[in-house]
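Note that the structure is a prediction, hence the values are computed from the model and not measured.
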2 protein chains.
Amino acid sequence: MNTSRKAAVEEFVERMGLVAEGDGLPRIAGRIMGLMVIEGGPLSFSELAQRLDVSRASISTNTRFLERLGVIERVAQRGERRDYFQLATAPYVHLLQGPVDRMMKAHAVVAHARDQLSVTDEGTRRRLDELGVFYEELGNSFRELAKRFSRDE
Amino acid sequence: MNTSRKAAVEEFVERMGLVAEGDGLPRIAGRIMGLMVIEGGPLSFSELAQRLDVSRASISTNTRFLERLGVIERVAQRGERRDYFQLATAPYVHLLQGPVDRMMKAHAVVAHARDQLSVTDEGTRRRLDELGVFYEELGNSFRELAKRFSRDE
DNA sequence: CAGTTTGTTCGGTTAATACTGAACGTGTAG
DNA sequence: CTACACGTTCAGTATTAACCGAACAAACTG
């Protein structure tokens, strides 16, 4: 039964890798997240490399990446030299920052275009506004979600 | 002054290409969208290739892509053999379908994992639930936005 | 019927980037 | 002091996918 659990965990970790890839994150980052969701406790650098069967170099770059994002945090173990990692509090909020920035950027692109050439044609202005509202609302949704997920859970 | 407008349009079109790329769409698809937002009217296949300085092959694949997505539609011109394209009604809703699907998929991955090994550890179950809720809520937000943008605008 | 235009499809090239192996610096243990 | 463990960095490799040119079928023109 332990073997089937192990298989299930591995499957989940792999799938989280693919999910992450779909969101534009490196696959290994997703696999790290997946493993950390399963195993709560702090995992050592080497343990990650071993369990995921991945080079230490990749663990280094991806833990730094997730750490910088705010999804995981590096913790020290008393008397241990190794680095340990665990999920940050409210880890998933930080996954929304990238999308929020992208939407703001997109909105700015549209607004800039509107300022430059809106005068000319009425239809153009209307279509630019619609597109601008789209990106704006999308950004707002992400921000609201982020607010929700920063409080609780 | 016409030259500056032309430059502004080109800049916007290029930037829309980059925005699209950030959203995981092919750059040319974004450029097509950008051009169509500026020029309202139906644009011919050849015109697109010409204005965007892009191979007809790319126009073919990307118009098909956007058409399939529902963002643009292929329209006929009386007595014309060429294909013309224009923005669909409520074009941007369809850009949300992909994200919605991805979130549902992600949620399913988490739910499946939860079903297989939730029994064992309490913390694991909690963390899986949190992640599941995250994807679920994200999907819901996309759906709500889609509903908003399918009505008006 | 020959020749042209239109859009699609396919094979190959190119560009971006995730990942690895190896070299390195630092700290620790024997 | 030598040997090893740990994490980072860099250069090279591999993989993915966007894009193009060319060959093609279909439809129209003279």
Side-chain angles (χ1 to χ4, degrees), chain A residues 13-36 42-69 71-86 98 102, chain B residues 13-36 42-69 71-86 98 102:
Chain A
V13 168
E14 279 331 298
R15 287 187 177 172
M16 280 301 294
L18 296 182
V19 166
E21 229 169 26
D23 289 343
L25 308 177
R27 179 182 296 200
I28 293 186
R31 299 212 294 153
I32 291 175
M33 281 186 50
L35 191 56
M36 287 192 157
L43 295 176
S44 79
F45 188 99
S46 331
E47 203 171 349
L48 287 174
Q50 202 170 339
R51 295 272 311 253
L52 298 178
D53 195 24
V54 149
S55 74
R56 287 178 319 163
S58 294
I59 296 298
S60 179
T61 58
N62 282 282
T63 49
R64 289 177 87 77
F65 172 72
L66 289 173
E67 191 185 3
R68 178 178 184 80
L69 222 63
V71 175
I72 69 175
E73 51 191 11
R74 198 177 296 244
V75 296
Q77 213 81 338
R78 65 166 283 106
E80 280 275 7
R81 183 150 71 95
R82 307 185 237 192
D83 293 355
Y84 282 78
F85 301 91
Q86 64 187 16
R102 289 213 321 273
Chain B
V13 168
E14 278 333 296
R15 288 186 178 174
M16 281 299 296
L18 296 182
V19 167
E21 229 170 25
D23 290 342
L25 307 176
R27 178 182 298 202
I28 293 185
R31 299 212 293 151
I32 292 175
M33 280 186 51
L35 192 57
M36 289 193 157
L43 295 176
S44 79
F45 189 98
S46 330
E47 202 170 349
L48 286 175
Q50 202 170 341
R51 296 270 313 250
L52 299 179
D53 192 28
V54 148
S55 73
R56 288 179 323 174
S58 293
I59 296 297
S60 179
T61 57
N62 281 281
T63 48
R64 290 177 86 77
F65 172 71
L66 289 172
E67 192 185 5
R68 181 180 181 78
L69 223 61
V71 174
I72 69 176
E73 52 190 13
R74 197 177 298 244
V75 297
Q77 214 81 336
R78 65 168 280 108
E80 282 273 6
R81 185 150 69 96
R82 307 186 237 190
D83 293 355
Y84 283 78
F85 301 92
Q86 63 186 16
R102 288 212 324 272

Item to check | Which residues share a salt bridge (Lys or Arg N to Asp or Glu O under 4.0 Å) with B:Glu14, sequence neighbours left out | outcome: B:Arg31
Item to check | Letter per nucleotide, 5' to 3', of nucleotides 21-30 of chain C [B base touched, S only sugar-phosphate touched, - untouched; heavy atoms, 4.0 Å] | outcome: B-----BS--
Checklist outcome for this item: Residues at least two apart in sequence or cross-chain that pass side chain to side chain donor-acceptor pair (under 3.5 Å) with A:Thr63, listed by chain then number, are none
Next on the checklist: From CG of B:Asn62 over to P of C:dT8, roughly how many Å is that when rounded to an integer?
Outcome noted: 12 Å
Checklist outcome for this item: A:Leu52 CG to C:dT20 P, in whole Å, measures 10 Å
Checklist outcome for this item: Rounded to the nearest 0.5 Å, the CG atom of A:Leu43 sits from the CG atom of A:Asp83 at a distance of 12.5 Å
Checklist outcome for this item: B:Gln77 meets the side chain to side chain donor-acceptor pair (under 3.5 Å) criterion, sequence neighbours left out, with none
Next on the checklist: In whole Å, I'd like the distance from the CG atom of B:Asp83 to the P atom of C:dT8.
Outcome noted: 6 Å
Item to check | Contacts of type side chain to side chain donor-acceptor pair (under 3.5 Å), residue A:Ser58, not counting sequence neighbours | outcome: A:Ser55
With a 3.5 Å cut-off and sequence neighbours excluded, list the donor-acceptor pairs that the side chains of residues 45-53 of chain B form with protein atoms.
| residue | atom | partner | partner atom | Å |
| --- | --- | --- | --- | --- |
| B:Glu47 | OE1 | B:Ser44 | N | 3.4 |
| B:Arg51 | NH1 | B:Glu39 | OE2 | 3.4 |
| B:Arg51 | NH2 | B:Glu39 | OE2 | 3.0 |

Checklist outcome for this item: chain A vs DNA chain D, heavy-atom contacts under 4.0 Å, first-to-last nucleotide span, 5' to 3', is D:dA5 to D:dT9
Item to check | Nucleotide C:dG7, atom P - distance to CZ of B:Phe45 in whole Å | outcome: 5 Å
Checklist entry - Over how many whole Å does the gap from B:Leu18 atom CG to C:dA15 atom P extend? => result 16 Å
Checklist entry - In whole angstrom, what separates B:Arg68's CZ from C:dT8's P? => result 14 Å
Item to check | Sorted by number, the residues of residues 21-33 of chain A with heavy-atom contact under 4.0 Å to DNA chain D | outcome: none
Checklist entry - Where do B:Met36 and B:Gln86 land on the side-chain contact (heavy atoms from CB on, under 4.5 Å) test, with the steps shown first? => result CA-CA 7 Å; B:Met36 289 193 157; B:Gln86 63 186 16; 5.5 Å; no
Item to check | salt bridge (charged side-chain N to carboxylate O under 4.0 Å, His left out) partners of residues 16-26 of chain A, not counting sequence neighbours, each pair once | outcome: A:Glu21-A:Arg27, A:Asp23-B:Arg102
Checklist entry - Rounded to whole angstroms, how far apart are OH on B:Tyr84 and C1' on C:dG7? => result 14 Å
Checklist entry - For B:Glu67, what residues pass the salt bridge (Lys or Arg N to Asp or Glu O under 4.0 Å) criterion, not counting sequence neighbours? => result B:Arg74
Next on the checklist: If you compare every side-chain N and O of B:Arg64 against the phosphate oxygens of C:dT8 (OP1, OP2), does one of them come in below 4.0 Å?
Outcome noted: yes
Item to check | Pairwise distance CZ(B:Phe65) to CD1(B:Ile28) - rounded to 0.5 angstrom | outcome: 12.0 Å
Checklist entry - Which residues satisfy the salt bridge (Lys or Arg N to Asp or Glu O under 4.0 Å) test with B:Arg82, sequence neighbours excluded? => result B:Glu80
